[in-house]
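The chain is numbered in sequence order, starting from 1. Since we're looking at a predicted model, the values are computed, not measured.
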Amino acid sequence: MAKKNEELDEETLAVINWCIEVEGFLVKGGATQAQAQEFIEEEIEFLTDQFYDGLTPEEAAKVALSD
């Protein structure tokens with residue numbers, strides 16, 4: 001985790017905000033907030049790939065919920 005006095009670059013912030021949106025769609029799809037957060041923590045590399053592949057947060061959540 002970044003130190004409080006370090007600023008995150010725009011790209012990192014974009015991925016973080018995208019994951020926050022994914023979390024919301026996971027919860028809407030039936031996961032608890034804790035389950036959604038755990039999934040994101042465990043699958044961050046997979047989710048980052050999806051971000052760079054151009055998936056929307058909703059599409060990424062649908063992929064996750066279909067497994």
Exercise. In Å, rounded to the nearest 0.5 Å, how long is the span from CD1 of Ile40 to CD of Glu38?
Worked result: 11.0 Å

Exercise. How far apart are the closest heavy atoms of Cys19 and Ile44, and which atoms are they?
Worked result: SG-CD1, 3.8 Å

Seminar exercise, completed: Closest non-hydrogen contact found for Ala36 with Ala31 is N-CB, 4.4 Å

Problem set entry | Nearest-0.5 Å distance that lies between atom OG1 in Thr48 and atom CD in Glu43 | 11.0 Å

Exercise. When rounded to the nearest 0.5 angstrom, what distance separates CD in Gln50 from OG1 in Thr56?
Worked result: 9.5 Å

Exercise. Roughly how far apart are Gln37 CD and Ile20 CD1, rounded to 0.5 Å?
Worked result: 9.5 Å

Seminar exercise, completed: Note: Gln35 and Gly30 closest approach over all heavy atoms is OE1-O, 4.4 Å

Exercise. When clusters are formed by joining ILVMFWY residues with side-chain heavy atoms under 4.5 Å apart, either directly or through shared neighbours, do Phe51 and Phe25 land in the same one?
Worked result: no

Exercise. Do Val15 and Leu26 belong together in a cluster built from hydrophobic side chains that touch within less than 4.5 Å?
Worked result: yes

Exercise. Should Tyr52 and Leu13 be regarded as members of a common hydrophobic cluster, given that ILVMFWY residues are connected when their side-chain heavy atoms come within less than 4.5 Å of each other, either directly or indirectly?
Worked result: no

For this session: Could you tell me whether a side-chain N or O of Asp9 sits under 3.5 Å from a main-chain N or O of Glu11, the two making a donor and an acceptor?
Result: yes

Exercise. Mind checking whether Leu47 and Trp18 have side chains closer than 4.5 Å, heavy atoms only?
Worked result: yes

Exercise. How long is the gap from CD on Glu7 to OG1 on Thr12, to the nearest 0.5 Å?
Worked result: 12.0 Å

Seminar exercise, completed: Of all heavy-atom pairs linking Val22 and Ala60, the shortest is CG2-CB, 4.1 Å

